[in-house]
Structure formats: structure tokens, C-alpha cells
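The residues of the chain are indexed from 1 along the displayed sequence. Counting starts at 1 for both ligands and their atoms, following the listed order.
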Amino acid sequence: MGIEVWWSSLTAADRSLRDLLDPVERARVDSLEHPADRGRSLVGAALLRVAVAAHLGAAPDDVLVDRTCTGCGGPHGAPRVILPAAGASGTRSRTLGLCTAAPGVSVSHSGLLVVVALRPAGPVGVDVQRVADLEDAPGSAAHRHAAGSTREAEAWVRREALFKAGVRASVRPARRAPSVAWAASAAYAARSLSTPLPGYAAALAVPGGPAAAPTVRHWPAAEGQRRPRSSSRAKVMPAFFSFGRAIA
Ligand SMILES: [Zn+2]
């Protein structure tokens, strides 16, 4: 099984998604000041669980996610999927006990879009960026030359995806530096992703590359949607968003 890329939208944000999250994730969502930030964080955490659960054949709220920051130990680090120890008892070992390797995961959100990448074994990085947000950044090249904004956004998301895939911070270029050549020469591969909405750039990166074309999924989806395991979960599947079908 190859890499999966799951797209969702800020329009999927619903309080009922909180039921899928663990207390650390809920606290993180609640700590954000702006409603749009809370919505993106909520959908991102839920989508991560939905993607991993589909991969493992588990329920989203049974997925164990560790977000310990490697810098300070706080709960805001890159997410890492944890498999329960072999022989552990309880629901989690029954639902996840057949899995031998935790998938690599990466989450990004910008504007209206939320994206999760899942790689069955090994690290993966994904990044999405609304081009207009880069244009707004003071001092950005895109701010001075609007025609270059898409190109700058493409370079930006490749750098970010590569970093999330494991490129060491010591070789991470300055965020504004043109680095397409650097990305191509590193022992990592990045590829651009089509986005469900215009005006965005997105990229996927893996170590060792080249990155094969991923399987693209949309959540919530109109068809082939995994049913929630109980009727009380039905409300966590909001109506699928209108642009999903356009590129499915
Ligand atoms: Zn930290």
C-alpha cells in the first residue's frame, strides 16, 4: 500500500468532531484564539485520526497520537502514531493489535484546506499554503511581484514538506530563499500536489524519493464513506464539501 493524501475543509469543522479527539488535542484546539484556527486544528486532528483509523482498520478515537515536542516536551510537536504494545489488553489491542508498524503521518492546513499524508512505513511530509497569505506577508517576493506568488508558494510548500519528512533543521534553508534546486538535490524527494481549491499550493515529500503519486481521498466523502461504528457517530460526518467531487 502506498502513500495516501487525505483532504478536508474548514467547512467540515463541527463541535461533534471533538468526540474523536483525546484530551490533549481538545485542549490544543481550545487554546487557540481565533475561530478559524480552532476549526483548522479541529479538522486536522480529526482527519489524522480518520486516515490512520482507515489504514489500521480501527475506530478514529482508538488511534493513539503522540504530539510531544522534541524541543520542549510540550504537546505541540509533530504528530506521531503510537501502536499499543504487543499483548496489551483492552479495546485498543483488539482493534489495533494486528498492526506491526505505525504509519508515518503529516498534517497541514491553510485557509480553507486541511490535508493529511499517511505513509504505511517511514516518514512523510505534507504542506499546503494559501497563496494569498504569502502575498500578504511583509517583505515577501510575492508581495512585490504578484506574478511570482504561485511559484514562491510552490517552493515554500516543498521546503515545508521536506522539513516535515525529516530534512534536518541544520540544512533547512531560509524560509524565503529560493530553494527548488536544493530540494531536488537533497536525499529527499518532493512533488507538487493538486489542491481541491484554486489559489493554493501543496507538496508531498519522502526520504529517498522519488515520491510516487499518492492515493488521494476526500473526507467527508459522498460515496464509499466508512460508516461510523455506532449511530451516535453519524453526526460527526457532516455533508461532504462541494468541491470534493470535482477532482475525485
Ligand atoms: Zn516545543
Close side-chain approach of Leu83 and Leu56, heavy atoms under 4.5 Å: yes

Single hit among Val128, Val157, Val131 for side chain to side chain contact (heavy atoms under 4.5 Å, CB included) with Tyr200: Val128

Paired with Pro79, the side chain to side chain contact (heavy atoms under 4.5 Å, CB included) test is passed by just one of Val107, Asp66, Val52, namely Val107

Donor-acceptor contact below 3.5 Å, side chain Arg49 vs main chain Val63: yes

Donor-acceptor contact below 3.5 Å, side chain Ser110 vs main chain Arg130: yes

With side-chain contact (heavy atoms from CB on, under 4.5 Å) as the test, would you mind laying out the steps for Leu197 and Leu113 before giving the verdict? CA-CA 8 Å; Leu197 289 175; Leu113 293 181; 3.9 Å; yes

Listing by chain and number, what protein N/O/S atoms are under 2.8 Å from the Zn ion (ligand 1)? Cys69 SG, Cys72 SG, His76 NE2

